[in-house]
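For the single chain, residues carry numbers from 1 onward in sequence order. Keep in mind that what you see is a predicted model, and the values were worked out from it rather than measured.
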Amino acid sequence: MQAPSVGGVRLPRGNGEIIRLRRGSSLTDFAEKIDANPAALVQALFHLGEMVTATQSVSDDVLELLGQEMNYRIQVVSPEDEDRELLKSFDLSYGEDSGGEDDLESRPPVVTVMGHVDHGKTRLLDTIRHANVMGGEAGGITQHIGAYQVATELDGAERLITFIDTPGHEAFTAMRARGARSTDIAVLVVAADDGVMPQTVEAINHAKAAGVPIVVAVNKIDKPGADPTRIRGQLTEYGLVPEEYGGDTMFVDISAKEGTNIDALLEAILLTADASLDLRANPDMEAQGVAIEAHLDRGRGPVATVLVQRGTLRVGDSVVAGDAYGRVRRMIDEHGDDVIEALPSRPVQVIGFTSVPGAGDNFLVVDEDRIARQIADRRRTRERNADLASRRRRVSLEDLDQALKETSELNLILKGDNSGTVEALEDALLKIDVGDEVQLRVISRGVGGITESDINLAIADNTIVLGFNVRADGKAAALANREGVEIRYYSVIYQAIDDIEQALKGMLKPIYEEVSLGRAEVREVFRSSKVGTIAGCMVTSGEIRRNAKARLLRDNVVVREDLTVSSLRRFKDDASSVREGFECGITLSNLQDIRVGDEVETYELREKPRT
């Protein structure tokens, strides 16, 4: 079969076989799979309207386009599949308990508290664990994620429950959804005096998408106007039918402020877990789990709060979480006490990572540090290539001229006190929509204070630095002041979103609307050797102004655009404007072809405020 040709470039032809490529692959990677010359693929893509180099990360669409031309079926491996294959190459697996049924033991349920802002999530967690975290909030919004384990009693036996403290702020959608994925049960907090709100519905959707059962805590029953029955009726519309109405959702009326019915809520959580879930894990295998939160501590270095999901995590284990790795040097529980080992569903702070893991990254224990480092390095390379491929703007030959023109772009560097906050802030900022004229680009993000390297990067890329609950050190602040780099500090995410949105709108090019000024009918035409053609006109509507923009109409068809009223006279005197009903003489810039019966329409362009 003859090899396909694209723009005269001969390419190898496949037989419809599947070529598996990782996300963000380059043309060189593709060429190696099919034993082709990368330069030929570059040339072929150029003729298909895509300009890339042989080593540049290419988007999924471009790979599939080239594969179709060559009769190959391109299968872009998802990050999850790629990670599974990566671990398999090291004889590792994630998400499965080793051993048989006899090796599984019961574990505590993991609970996420969700709901609308100000409905009492933080107060409820505060009451449950008897620790005041509300004093550390800014703007009434929980800024940090923690995980806590509490003990309660059911049928005379002591049982443990693990709570993941996710922020209720609506901009932290990504973190809340991630929390639901590592959760067994979701507690939905609804204020009895307020009712179902938009974030309440959002929380229900996240929990249902994660496939976790929901326990509803109807809070603030001690307040005037509280109506728990109304709440039950409202939530029935969203598929949460109370048990007393014949459904399968447990509702508990509580007051987090007064401590009313808290034990009943904990009992409902355990009963729901026993009835709906098979919560068992093998404690004798190598530990696996998820990083709930991570931050950079000045004295202790990278610190990650991890939730062990299966196996037992011990001090001295080699661990890898996302693209971070290290050895567990120390583990601390929610009370600040050192822990030697952590069983399934146990949250602990781990010290010993070489870098800060991302919130929601899966972690697992491996045999030695060398393997952990290799896995982390490969993940880091994969993420960088995928990021480069997603950021590359596709350019076709047809719109090449337009693409090469300067576009308005706002570059940002994000630094925050923990990885979950930074990721959620970036997610919220990138969702700001001000059209295609202005683009927002996050060129760097990280955890910890603002450093000199951040400022140097900002200088090179004309960038604004955003610090969320962090500050610049002395040298970085001095360098920023000297080089004119703008640093903005925030502690409430709403303010950051509002400021950036206003900045983006300020970069938009102004929109002008045309406002008609007047029309004049040509009654006579005069020729002058000094000024050219003079139109003797009668102003039929509005007014004609000297130096106004104008167009010439003939039988209501535009003959010439972009004209200017270069001179305007009443009899022999110059005039700045002539109103409706008066005669005048008009000369139009660079126009001689004026006929009796033509109309001169004048207008001006006024800037239109953006909404």
Measuring from atom CG of Asp498 to atom CD1 of Ile432, what distance do you get when rounded to the nearest 0.5 angstrom?
8.5 Å
How many angstroms lie between atom SG of Cys584 and atom CD1 of Ile534, to the nearest 0.5 angstrom?
11.5 Å
Side-chain contact, heavy-atom cut-off 4.5 Å: Leu591 with Leu552?
yes
Can you establish whether the number of heavy atoms outside Arg570 located under 6.0 Å from its atom CZ is more than 12?
yes
Which residues pass the side chain to side chain contact (heavy atoms under 4.5 Å, CB included) test with Thr533, sequence neighbours left out?
Val525, Arg527, Gln592, Ile594
Test Glu599 against every option in Asp555, Asn556, Val559 by the side-chain contact (heavy atoms from CB on, under 4.5 Å) rule and name the one that passes.
Asn556
What residues, two or more places apart in sequence or in another chain, satisfy side chain to side chain contact (heavy atoms under 4.5 Å, CB included) together with Ser529?
none
Sub-3.5 Å donor-acceptor pair from the side chain of Asn481 to the main-chain atoms of Ala477, do we have one?
no
How long is the straight-line distance from OG of Ser577 back to CD1 of Ile544, given to the nearest 0.5 Å?
10.0 Å
Could you tell me if the side chain of Phe468 sits less than 4.5 Å from the side chain of Leu414, heavy atoms only?
no
May I have the step-by-step check of side chain to side chain donor-acceptor pair (under 3.5 Å) for Asn418 and Thr421, ending in yes or no?
CA-CA 6 Å; Asn418 59 66; Thr421 301; 2.7 Å; yes
When you look at Val465 and Val485, which way does the side-chain contact (heavy atoms from CB on, under 4.5 Å) test go after all the steps?
CA-CA 8 Å; Val465 182; Val485 173; 4.1 Å; yes
Show your working on side-chain contact (heavy atoms from CB on, under 4.5 Å) between Arg545 and Ser576 and close with a plain yes or no.
CA-CA 6 Å; Arg545 298 176 188 171; Ser576 58; over 6 Å; no
Just to verify, which of Val196, Val190, Leu188 counts as forming a side-chain contact (heavy atoms from CB on, under 4.5 Å) with Leu240?
Leu188
Minimum-distance pair of heavy atoms, taken over all atoms of Ile74 and Gly67
CG1-CA, 3.8 Å
If you measure from the Lys or Arg side-chain nitrogens to the Asp or Glu carboxylate oxygens, is any gap between Asp593 and Arg554 under 4.0 Å?
yes
Write out all pairs satisfying salt bridge (charged side-chain N to carboxylate O under 4.0 Å, His left out) with one or both partners inside residues 29-44, taking only residues at least two apart or from two chains.
Arg22-Asp29
Can you name the nearest heavy-atom pair linking Val558 to Arg551, along with the distance?
CG2-CD, 4.0 Å
Could I get the full list of side chain to side chain donor-acceptor pair (under 3.5 Å) partners for Glu486, not counting sequence neighbours?
Arg488
Got more than 12 heavy atoms from elsewhere within 6.0 Å of CZ, Arg595?
no
Atom of Arg546, atom of Leu568 and distance for their closest heavy-atom approach
N-CD2, 3.9 Å
For Leu63 against Ser25, the heavy-atom pair lying closest together:
CD1-CB, 4.4 Å
Do other residues, nucleotides or ligands put more than 12 heavy atoms under 6.0 Å from the CZ atom of Arg579?
no
Out of curiosity, Leu588 CG to Thr564 OG1, how far, rounded to the nearest 0.5 Å?
8.5 Å
Once side chain to side chain donor-acceptor pair (under 3.5 Å) is applied, do any residues pair with Asp574, and if so which ones, sequence neighbours excluded?
Arg569
Quick one: does Thr602's side chain have a donor or acceptor within less than 3.5 Å of a partner on Gly518's backbone?
yes
Provide the full list of salt bridge (charged side-chain N to carboxylate O under 4.0 Å, His left out) pairs with a residue in residues 470-485, sequence neighbours left out, each pair given once.
none
N-O pairing of Glu521 and Arg523 below 4.0 Å:
yes
Would you name the heavy atoms of Ile413 and Asp454 that are closest together and state the gap between them?
CD1-O, 3.3 Å
Does any non-hydrogen side-chain atom of Leu429 lie less than 4.5 Å from one of Val442?
no
Please step through side-chain contact (heavy atoms from CB on, under 4.5 Å) for the pair Tyr489 and Gln495, ending with a clear verdict.
CA-CA 10 Å; Tyr489 300 111; Gln495 296 175 357; over 6 Å; no
To the nearest 0.5 Å, atom CG of Asn411 lies from atom OG of Ser444 at 11.5 Å
Any salt bridge linking Lys549 with Glu601? Criterion: basic side-chain nitrogen under 4.0 Å from a carboxylate oxygen.
no
Working to the nearest 0.5 Å, report the span between CG of Leu412 and CD1 of Ile464.
6.0 Å
Is there a donor-acceptor contact under 3.5 Å from the side chain of Asp361 to the main chain of Gly358?
yes
In plain terms, say whether Arg445 and Glu426 are close enough for a salt bridge, that is, a side-chain N and a carboxylate O under 4.0 Å apart.
yes
How about Gln234: does its CD atom have over 12 heavy atoms from other parts shown lying under 6.0 Å from it?
yes
Please assess Phe526 against Thr587 for the test side-chain contact (heavy atoms from CB on, under 4.5 Å), listing each intermediate value before the final yes or no.
CA-CA 10 Å; Phe526 306 96; Thr587 58; over 6 Å; no
A quick test of your reading: do over 12 heavy atoms of other residues, nucleotides or ligands sit less than 6.0 Å from NZ of Lys208?
yes
Would you say Tyr490 and Leu466 make side-chain contact, with heavy atoms under 4.5 Å?
yes
Could you check whether Glu580 and Thr540, counting side-chain N and O atoms only, form a donor-acceptor pair closer than 3.5 Å?
no
Compare every heavy atom of Ala54 with every heavy atom of Thr28, then report the nearest pair and how far apart it is.
OG1-O, 2.9 Å
